[in-house]
Amino acid sequence: MEIVDTAGPKATPEGRARNAEIYQTAAELMVEKGFGGTSIGDIAQAVGMTKAGLYHHITSKQDMLYKIMTYGMDEVEAVVVEPTRDIDDPEERLRKIIRLHVRGLITHGPAISVLMWEVNHLEATERTKINNRKKAYHKYLQSGLEELDAEGRLQKQDTGITTQHIMSTLRGIARWYSSGFPINVDEVAEETVNFVFRAILK
């Protein structure tokens, strides 16, 4: 199984799908065993490669973590941000953001969402890049709350804190949801949207 540079000009749909499979598998292993308890050998075995083959595409375990996080942020931007940018009504936009985020994190691998918060294991430069992308996404959420507040539709609250509460709710889903959960993805998404908006709207 080969890791293909999805950011390169020669990336193919097959290559991107292969990368997604590898990142999801490696993330699940890191969540299960902990970052410190996961070796390159563990990752190689889990993704069906030799250690030498894996080292041909990554330089270290930290590099694999960075690639997983980069993939996760790329998915958030493609699956959540881009489809909602042109929605004018802030409530409609925020509802769709939450709905798409829930569906995306379950579809593309809850383990990746859980692992996204292990940035302390990255080198300083890479940690800054991931944190800046996360901050941009938080700001995108917060801007919708600020628009609602300006229109007098939001309960009295700090929009920055509310943004953190929403993100904590989404991270929580990644931790407890599994394929065997008796409620399907769409139901979880709708219940989450309703839960959030009952708490924030007047």
Flag for Ser39-Asp42: side-chain donor and acceptor within less than 3.5 Å: yes

In one Ile/Leu/Val/Met/Phe/Trp/Tyr side-chain cluster, 4.5 Å: Val196, Trp176: yes

Test side-chain contact (heavy atoms from CB on, under 4.5 Å) applied to Ala174 - qualifying residues, sequence neighbours left out: Leu105, Pro110, Ser113, Val114

Backbone N/O of Tyr55 and side chain of Thr59: donor-acceptor pair under 3.5 Å: no

Residue pair Val79 / Leu100: nearest heavy atoms and the distance that separates them: O-CD1, 3.5 Å

Closest heavy-atom pair and its distance - Arg93, Thr84: CG-O, 3.5 Å

Value rounded to 0.5 Å, distance of CD in Gln62 from CD in Glu123: 6.0 Å

Contacts of type side chain to side chain donor-acceptor pair (under 3.5 Å), residue Gln157, not counting sequence neighbours: Thr162

Arg153 bridged to Glu147 by N-O distance under 4.0 Å: no

Pairwise distance CE(Met69) to CE(Met116) - rounded to 0.5 angstrom: 6.0 Å

Common cluster, Leu145/Ile87, ILVMFWY with side-chain heavy-atom separation under 4.5 Å: no

Distance (rounded to the nearest 0.5 Å) between Leu65 CG and Glu126 CD: 8.5 Å

Salt-bridge present (Glu91, Arg95; N to O < 4.0 Å): yes

Heavy-atom donor-acceptor pair, Gln24 side chain to His108 backbone, under 3.5 Å: yes

Spacing of CD1 belonging to Ile22 relative to CG belonging to Asn19, to within rounding of 0.5 Å: 5.5 Å

Derivation of the side-chain contact (heavy atoms from CB on, under 4.5 Å) call for Asp74 and Arg133: CA-CA 9 Å; Asp74 288 346; Arg133 294 183 73 177; 2.7 Å; yes

Over 12 non-hydrogen atoms of neighbours within 6.0 angstrom of CG in Asn132: yes

Nearest-0.5 Å distance, CG of residue Asn184 to CD of residue Glu190: 10.0 Å

Whether over 12 other heavy atoms sit under 6.0 Å from Asp86 CG: no

Carboxylate-amine/guanidinium contact Lys67 Asp63, below 4.0 Å: yes

Closest heavy-atom pair and its distance - Ile40, Leu54: O-CD2, 3.9 Å

Least distance between heavy atoms, Ile200 atom then Leu154 atom: O-CD1, 3.3 Å

side-chain contact (heavy atoms from CB on, under 4.5 Å) evaluation trace for Met64 with Met30: CA-CA 11 Å; Met64 172 61 86; Met30 289 180 180; 4.0 Å; yes

Pair His101-Tyr137, side-chain donor/acceptor within less than 3.5 Å: yes

Within-4.5 Å side-chain heavy-atom neighbours: Met49 and His56: no

Tyr66 six-ring face occupied by Arg127 cation (under 6.0 Å, within 45°): no

Glu146 and Gln142: side chain donor to acceptor below 3.5 Å: yes

side-chain contact (heavy atoms from CB on, under 4.5 Å) between Leu148 and Leu201, worked out: CA-CA 9 Å; Leu148 281 174; Leu201 290 183; 4.2 Å; yes

Check against side-chain contact (heavy atoms from CB on, under 4.5 Å), Arg99 and Asp186: CA-CA 8 Å; Arg99 190 177 293 119; Asp186 288 337; over 6 Å; no

Euclidean distance, Thr50 OG1 relative to Gln45 CD, rounded to 0.5 Å: 12.0 Å

Whether Tyr71 and Tyr23 hold their rings parallel, tilted or perpendicular, with breakpoints at 30° and 60°: tilted

Closest contact, heavy atoms only, Ala46 versus Leu29: CB-CD2, 4.1 Å

Where Lys33 and Thr38 come nearest, the two heavy atoms and their spacing: CB-OG1, 3.6 Å

Phe197, CZ atom: more than 12 neighbouring heavy atoms under 6.0 Å: yes

Under 3.5 Å: donor-acceptor pair, side chain of Lys61, backbone of Phe35: yes

